[in-house]
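A short write-up of the structure that comes next.
Quick note on labels: first sequence line is chain A, next is B, and so on, each numbered from 1. Every value quoted in this text rests on a predicted model; they were computed, and no experiment measured them.
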There are 2 protein chains.
Amino acid sequence: MTAFITASLSILAADGGPFSSPEWGSSVGAPCLLGVPQACARLGALAVERSTGLGDDAHQHRKNQRVSNVSVQLEMRSLWEEFNRLGTEMIVTKAGRRMFPTFQVKLSGLDPLADYVLLMDFMPLDDKRYRYAFHSSSWLVAGRADPAAPGRVHFHPDSPAKGAQWMRQIVSFDKLKLTNNLLDDNGHIILNSMHRYQPRFHVVFVDPRRDSERFAHENFKSFTFTETQFMAVTAYQNHRITQLKIASNPFAKGFRDCEPEDW
Amino acid sequence: MTAFITASLSILAADGGPFSSPEWGSSVGAPCLLGVPQACARLGALAVERSTGLGDDAHQHRKNQRVSNVSVQLEMRSLWEEFNRLGTEMIVTKAGRRMFPTFQVKLSGLDPLADYVLLMDFMPLDDKRYRYAFHSSSWLVAGRADPAAPGRVHFHPDSPAKGAQWMRQIVSFDKLKLTNNLLDDNGHIILNSMHRYQPRFHVVFVDPRRDSERFAHENFKSFTFTETQFMAVTAYQNHRITQLKIASNPFAKGFRDCEPEDW
DNA sequence: CGATTTACACCTAGGTGGAAATGT
DNA sequence: ACATTTCCACCTAGGTGTAAATCG
């Protein structure tokens, strides 16, 4: 997968699309440490569309047919919604922490024979910093946002792959890790603790044409699921979030008090 | 990686090279179960060249420059040699068993910007069936070989990748599993127990030319390390092999009696 | 004092050979 | 007899939240 990075960067880096940004170009020649691509990218300010269960992309005009028909279904949506009702929190650590629930999707409408790259990034949901009021069990605005962390993207490690392969089974981003270390060199997603974020999912058609850069803006489609938004934290604040994590994450089984309710 | 299989098959299936075989063509359209490619291939009878440490390929004439300069170094060679002196045995099980030592190589001489596929296959070392004589602690010929198992290849899961990526660090085939189940549908390598085998390693340049099939025979290079040959078994026969496995395989640490000698 | 880091017990997931059971 | 299968205790490797320590 890593070998592909430079190629996809050159495609995505083309101006005209929401992916265009100076950081793309500067990271093309960056060294890979431990085989993990250091491909960094600050994606442009694509408006975050509201979505319910089925992803949507407001920019469907002038899209290549290889992506315009793509549709995405969020897996474990009811679990995401249960967390979202309480106010989802995701732990960030220096070494990097996986998300739970894991971001998983079911794809359809891809060209089975075409190559696609799948990736995720994270948009700040607002320009604020928060703190948790334990007495009222609620989040309060604690000021303006800290300086934005380096914008990074996470390529699904199976990228690139044929549409048929992506549609064959659920696509899981379980290798994605969140960190609060601004100097992270493991290729993890860097977020500011006590800030709110919106995960985004992107499907990119790998255009085989020589001058594919010119079509970069029409070769991708983005999806946003508002039920996956979350607060980055270094320790859980809302005790009900902690309990729901313990109840639903198999790796936290050691902290369960009672019944093995089916999740 | 799996999405690539059909493409590589079409390249490798071309006649003229040692990879040519009817099985290649017939497996192109085969369904993938559990995402594991069912790409099967019976490779032609390439003569097994003797080799010591550094792999060699006797067929260097008319090779593409993208592969002709490739050289391969076997990792953990002294450990392989230690096993080989005793007569290496590899367990085969119905579910599939990893090799130990793991086949790992260090590559050089690849074109950093070109795409390569790395794969392994296993050649019968002779036409015999063996049994172990415990009284003399030696292997005896027990008759002619059983009917050959379905010839399969194992693509390194990072394939395809750029030469630069393959050369960046040691390439490990630790996902490769051996089975004695002739009906295996997990894509594992099928071997006959009580038969001797020679692992082979192949570097294939992914030719971007439209008519790449015509050049298939000159776009790969094969490497054989005689110190990696082994006897397939369902249970260890030579007790000294068992002890060396226990002493050197971290997963068998539970069976160690004494000192943590550095391996 | 709130936020972050660290060490840790307790899990999941899966790779070992042993020993007993089961074929052939 | 010999070969194979199955179950198991014991590992590696790494994902959990906790509680205490540390930071700012």
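In this entry the distance linking CD of Glu89(B) with P of dT4(D) reads 12 Å, nearest Å. Regarding Phe255(A), its CZ atom lies at a distance of 6 Å from the C1' atom of dT18(D), rounded to whole Å. A straight line from OH of Tyr236(B) to C1' of dT4(D) spans 15 Å, rounded to a whole angstrom. Rounded to whole Å, the distance from OH on Tyr130(B) to C1' on dA3(D) is 18 Å. As a whole-Å value, the separation of Met194(B) CE from dA1(D) P is 17 Å. In this structure, Lys253(B) atom NZ and dA9(D) atom C1' are separated by 16 Å, rounded to whole Å. In this structure, Tyr132(B) atom OH and dA3(D) atom P are separated by 12 Å, rounded to whole Å. For Phe251(A) and dG17(D), the CZ to P distance is 11 Å, given to the nearest whole Å.
Among the atoms of the strands shown, only primed sugar atoms or phosphate atoms (P, OP1, OP2) are found under 4.0 Å from some heavy atom of Thr242(A).
Counted by atom type alone, Gln243(B) and Arg240(B) present zero donor-acceptor pairs between their side chains at under 3.5 Å. Donor-acceptor pairing under 3.5 Å is lacking for the side chains of His154(B) and Asp121(B).
Look at Lys177(A) and you'll find a side-chain N or O under 4.0 angstrom from OP1 or OP2 of dG15(D). Taking only side-chain nitrogens and oxygens, Ser193(B) comes nearer than 4.0 Å to OP1 or OP2 of dT4(D).
Helical stems of DNA chain D (runs of at least 3 Watson-Crick or G-U pairs, donor-acceptor distances under 3.5 Å) are listed by first residue: C:1-24 with D:1-24.
The salt bridge (Lys or Arg N to Asp or Glu O under 4.0 Å) check on Lys175(A) picks up nothing, with sequence neighbours excluded. Among residues two or more places apart in sequence or in another chain, the side-chain hydrogen bond (donor to acceptor under 3.5 Å, both in side chains) test is passed with Ser172(B) by Gln104(B). Every side-chain contact (heavy atoms from CB on, under 4.5 Å) that Tyr236(B) has, sequence neighbours left out, goes to Glu89(B), Ile91(B), Val233(B), Ile241(B), Thr242(B), Lys245(B). Every residue was checked against the side-chain hydrogen bond (donor to acceptor under 3.5 Å, both in side chains) condition with Tyr132(A), not counting sequence neighbours, and none meets it. Evaluation of the side-chain contact (heavy atoms from CB on, under 4.5 Å) rule for Leu140(B) yields Arg131(B), Ala133(B), Ser138(B) as partners, not counting sequence neighbours. A search for side-chain hydrogen bond (donor to acceptor under 3.5 Å, both in side chains) contacts involving Ser108(A) returns Ser71(A), not counting sequence neighbours. Shown here are the salt bridge (Lys or Arg N to Asp or Glu O under 4.0 Å) partners of Lys106(B), two or more places apart in sequence or in another chain: Glu75(B). Asp146(A) meets the side-chain contact (heavy atoms from CB on, under 4.5 Å) test with Arg129(A), Asn192(A), His195(A); sequence neighbours excluded. Listed by chain and number, the residues in a side-chain hydrogen bond (donor to acceptor under 3.5 Å, both in side chains) with Thr88(A) amount to none (sequence neighbours excluded).
Scanning DNA chain C 5' to 3' for nucleotides with an atom closer than 4.0 angstrom to a non-hydrogen atom of chain B gives a first and last hit of dG14(C) to dG18(C).
The stretch residues 94-102 of chain B comes close to DNA chain C through Arg97(B), Arg98(B), each having a heavy atom under 4.0 Å from the strand.
Atom CG of Leu183(A) sits about 8.5 Å away from atom CG of Asp185(A), to the nearest 0.5 Å.
Residue-to-nucleotide proximity on DNA chain D shows that, of Gly254(B) and Val92(B), the 5′-proximal contact is made by Val92(B).
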